[in-house]
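Sequence lines set the chain letters: A, B, ... in the order given, protein chains first and strands last, and positions in each chain run from 1.
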Amino acid sequence: MTSTAPAHCPDLGTALAAWFTATARPLPWRSPDRTAWGVLVSEVMSQQTPVARVAPIWLDWMDRWPTPQAFAQAPTAEVLRAWGSLGYPRRALRLQECARVIVDQYGGEVPADEQALLALPGIGTYTAAAVMAFAFGRRSVVVDTNVRRVLARTVGGEALPSPSLTAAEMSRAAALVPADDASAALWAASSMELGAVVCTARAPRCDDCPVTALCAWRAAGYPADPHAARRRSQAWAGTDRQVRGKVMGALRAAHGPVPSAVIDLVWPDATQLSRCIAGLVEDGLIAQTGEAYHLPVEVG
DNA sequence: AAATCGGGGTA
DNA sequence: TACCCAGATTT
């Protein structure tokens, strides 16, 4: 295989490819009979949600709605219930919009074109690149939180990447992608897998790492995170996100409209609750009929 | 560049 | 408790 890797780490890609081929997790969307649509669904579900939580939902989802055509016609309320507690339920709405665009504009086939993918609802830089690599076996620059960390350590010599993705990071990542499609797709999968399984954020398993000999962070003596001072933990308790989640949870659990008097019980701060309800309605995640709220239902 | 948007598992 | 997770979109 050809490689564009710089001379100072000549076989990072080769070592990771061999390791990945031998040890890759049998994730359901990696099955030989996977479809491009299934890969796309798995990537959207995995945006900020650990794959271990995604897998069972994905299996049920693909059984119910195996194609963009089937999913495009699904009742939105059922889609949101099936999404369950994966989080960020707007992703489910966008995924359905995405399916409808694929049906209407691409004959029901996921486009094998990165720019076309980028234009789809809910598909950003990472997901478009991931679909190109994992669904179509095409060369792309796949940079997720795992790849960022792996490159920050092995190449950059730092404990963790900067808080937000930088242009310099993307350039470095792009320079490391092999030239041919098959090698590039394997590099994407293996560099992500290393970050997910071995080169983890909390307690990296360096003893089990296939590229310790090439790791700049290890060579430097595992220096502490240089960006630690600029990281801030994300608040949760008492936020609108928590309140929105409680409202969504109540409506998912019900199989019909829920009286507003019942919704009022999910959160004690009436001002915050009504702001969150209004936001959910605005986002199309819930709807109001009379004095009750319910998951959205398509109107004729 | 910073804010917003869920929720559960883990140390 | 705090941190993290195959990010995208809007301001």
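- With sequence neighbours excluded, the residues satisfying ring-ring contact (aromatic ring centres under 6.0 Å, His included) with A:Tyr222 are A:Trp217.
- Partners of A:Arg202 by salt bridge (charged side-chain N to carboxylate O under 4.0 Å, His left out), not counting sequence neighbours: none found.
- Partners of A:Ser31 under the side chain to side chain donor-acceptor pair (under 3.5 Å) rule, at least two apart in sequence or in another chain, are A:Asp33.
- The outermost nucleotides of DNA chain B lying under 4.0 Å from heavy atoms of chain A, listed 5' to 3', are B:dC5 to B:dA11.
- Rounded to a whole angstrom, the distance from the P atom of C:dA6 to that of B:dA3 is 25 Å.
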Under 4.0 Å protein heavy-atom contacts per nucleotide of nucleotides 4-11 of chain C, with B for base, S for backbone only and - for none: BBBBSS--

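- Residues satisfying the side chain to side chain donor-acceptor pair (under 3.5 Å) criterion with A:Arg100, sequence neighbours excluded, are absent altogether.
- Listed for the A:Arg81 side chain is a donor-acceptor partner under 3.5 Å among the backbone atoms of A:Ala254.
- Heavy atoms of A:Arg252 sit under 4.0 angstrom from primed sugar atoms or phosphate atoms, though from no base atom.
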Criterion side chain to side chain donor-acceptor pair (under 3.5 Å) on A:Tyr88 and A:Arg241, from CA distance to verdict: CA-CA 9 Å; A:Tyr88 297 143; A:Arg241 284 156 69 192; 3.1 Å; yes

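- Along DNA chain B, the nucleotide nearest to A:Ser164 and the one nearest to A:Leu86 differ in position, and the one closer to the 5' end is contacted by A:Ser164.
- Ranked by how close their nearest DNA chain B nucleotide is to the 5' end, A:Arg241 and A:Leu165 are led by A:Leu165.
- Across C:dT11 and B:dG6, the matching P atoms stand 16 Å from one another, rounded to whole Å.
- Sorted by residue number, the list of members of residues 75-84 of chain A with any non-hydrogen atom under 4.0 Å from DNA chain B is empty.
- A:Trp65 is linked by a ring-ring contact (aromatic ring centres under 6.0 Å, His included) to A:Trp61, A:Phe71, counting only residues two or more places apart in sequence or in another chain.
- By the ring-ring contact (aromatic ring centres under 6.0 Å, His included) test, A:Trp267 is found to be paired with no residue, residues two or more places apart in sequence or in another chain being considered.
- Looking at residues two or more places apart in sequence or on another chain, you find a side-chain contact (heavy atoms from CB on, under 4.5 Å) between A:Ala250 and A:Ile263, A:Val266.
- Qualifying salt bridge (charged side-chain N to carboxylate O under 4.0 Å, His left out) partners for A:Arg138, counting only residues two or more places apart in sequence or in other chains: A:Asp181.
- Residue pairs that meet the salt bridge (Lys or Arg N to Asp or Glu O under 4.0 Å) test with at least one member in residues 123-132 of chain A, sequence neighbours left out, do not exist here.
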